[in-house]
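Inspection log for the structure reproduced underneath, given as structure tokens.
One-based numbering, in listed order, for ligands and for the atoms of each. For reference, positions follow the sequence shown, starting with 1.
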Amino acid sequence: MKTLIVANWKLNPSTLKEAKVLFDAIKKDAKGRQVVICPPFIYLPLLKKPVLNLLNRLTLGAQNVSVEEKGPFTGEISALQLKDLRVEYVIIGHSERRKYFSETDEMVNKKIKNALNAGLKIIFCIGENAGEDKNTILEKQIINGLKDIPSDNVKDLTIAYEPVWAISSGDGRGNNCSVSQTLSSVLLIKKIISNLYNRELADNIKILYGGSVNSSNSAEYIKNGQVDGLLIGGASLDAKEFIKIVKSVV
Ligand code: PGA
């Protein structure tokens with residue numbers, strides 16, 4: 001299984017021109033690797049065309065999706081609309097959505113169900129705040145987020161462990177989680193999934209780490225943290241740095 005590298009551009013960059021420059025720079029070197037770019041919604045259809053022309057194409061993901069399927073919900077973007085654009089992945093439950101946009105576990109659960117129904121691949125983010133009990137929080141977020149979702153539907157789920165205290169302020173150089181703490185979180189997540197579903201599913205589910213990943217720490221997470229990939233914010237906005245990360249892990 002190839003390492004999955006996901007770039008979360010968040011609310012960047014400010015112009016389409018910059019988005020294209022960044023995307024093109026990454027595109028060249030990401031060939032043949034499993035890289036997902038999650039730009040702001042409005043850039044998705046505009047970056048789509050060159051993606052489809054590539055043999056080893058970059059994959060596109062969205063950073064969020066509506067809790068609603070369709071109807072009178074001004075400003076929302078649905079899972080079906082993303083699917084129609086041939087967007088493959090969607091990030092759900094990112095801590096910044098939970099923190100700044102009051103997203104609850106119940107909303108996360110509804111979004112996951114909608115995204116599954118639409119056939120999108122899900123990157124389900126979980127993580128504790130500083131000072132919170134990790135076991136309690138991860139268990140609560142997983143159990144509530146996956147409520148009433150049968151095991152067959154979670155087989156292809158990707159979980160991103162992102163301790164909130166480790167997320168950078170935008171430069172990818174914050175207080176990253178140690179590799180040993182990451183490893184213990186991976187084992188904890190597998191245990192929770194195993195209790196909720198079964199051991200086989202827990203062993204097969206993909207787990208990413210995110211939080212101040214940069215080219216000097218990326219390889220260690222894959223080598224000794226037992227994660228299947230990385231979710232990268234700040235460092236994904238610098239094409240050279242991002243490519244260094246991609247090359248360090250595969
Ligand atoms: P960061 O962001 O790499 O800038 O810490 C990661 C994320 O929030 O997904």
Just need the protein heavy atom nearest to atom 3 (O) of ligand 1, so name the residue and atom and give the distance. G233 N, 2.9 Å

Taking atom types as modelled, is there a side-chain donor on K134 or S185 under 3.5 Å from an acceptor on the other? yes

Can Y209 and Q226 be counted as having a side-chain donor-acceptor contact under 3.5 angstrom? no

Classify the contact between N8 and ligand 1 as side chain, backbone, both or neither, using a heavy-atom distance cut-off of under 4.0 Å. side chain

Report the member of E162, K10, Q63 with the shortest heavy-atom distance to atom 2 (O) of ligand 1. K10

Provide the number and element of each atom of ligand 1 under 4.0 Å from a heavy atom of G211. 5 (O)

Per-atom contacts, ligand 1 versus G234 - under 4.0 Å to a heavy atom: 1 (P), 3 (O), 4 (O)

Closest non-hydrogen atoms of Q141 and F124, given as atom of the first, atom of the second and distance, are O-CZ, 3.4 Å

L208 and V227: which non-hydrogen atoms are nearest, and at how many Å? C-CG1, 4.2 Å

So, for F41 and N64, which heavy atoms are closest and what is the spacing to 0.1 Å? CZ-O, 3.0 Å

Does even one non-hydrogen atom of G210 get within less than 4.0 Å of ligand 1? no

Would you say G174 contacts ligand 1, with heavy atoms under 4.0 Å as the rule? no

Closest protein heavy atom (residue, atom, distance) for atom 4 (O) of ligand 1: S168 OG, 2.6 Å

Return the minimal non-hydrogen interatomic distance between L146 and N109, and the atom names on each side. C-ND2, 3.7 Å

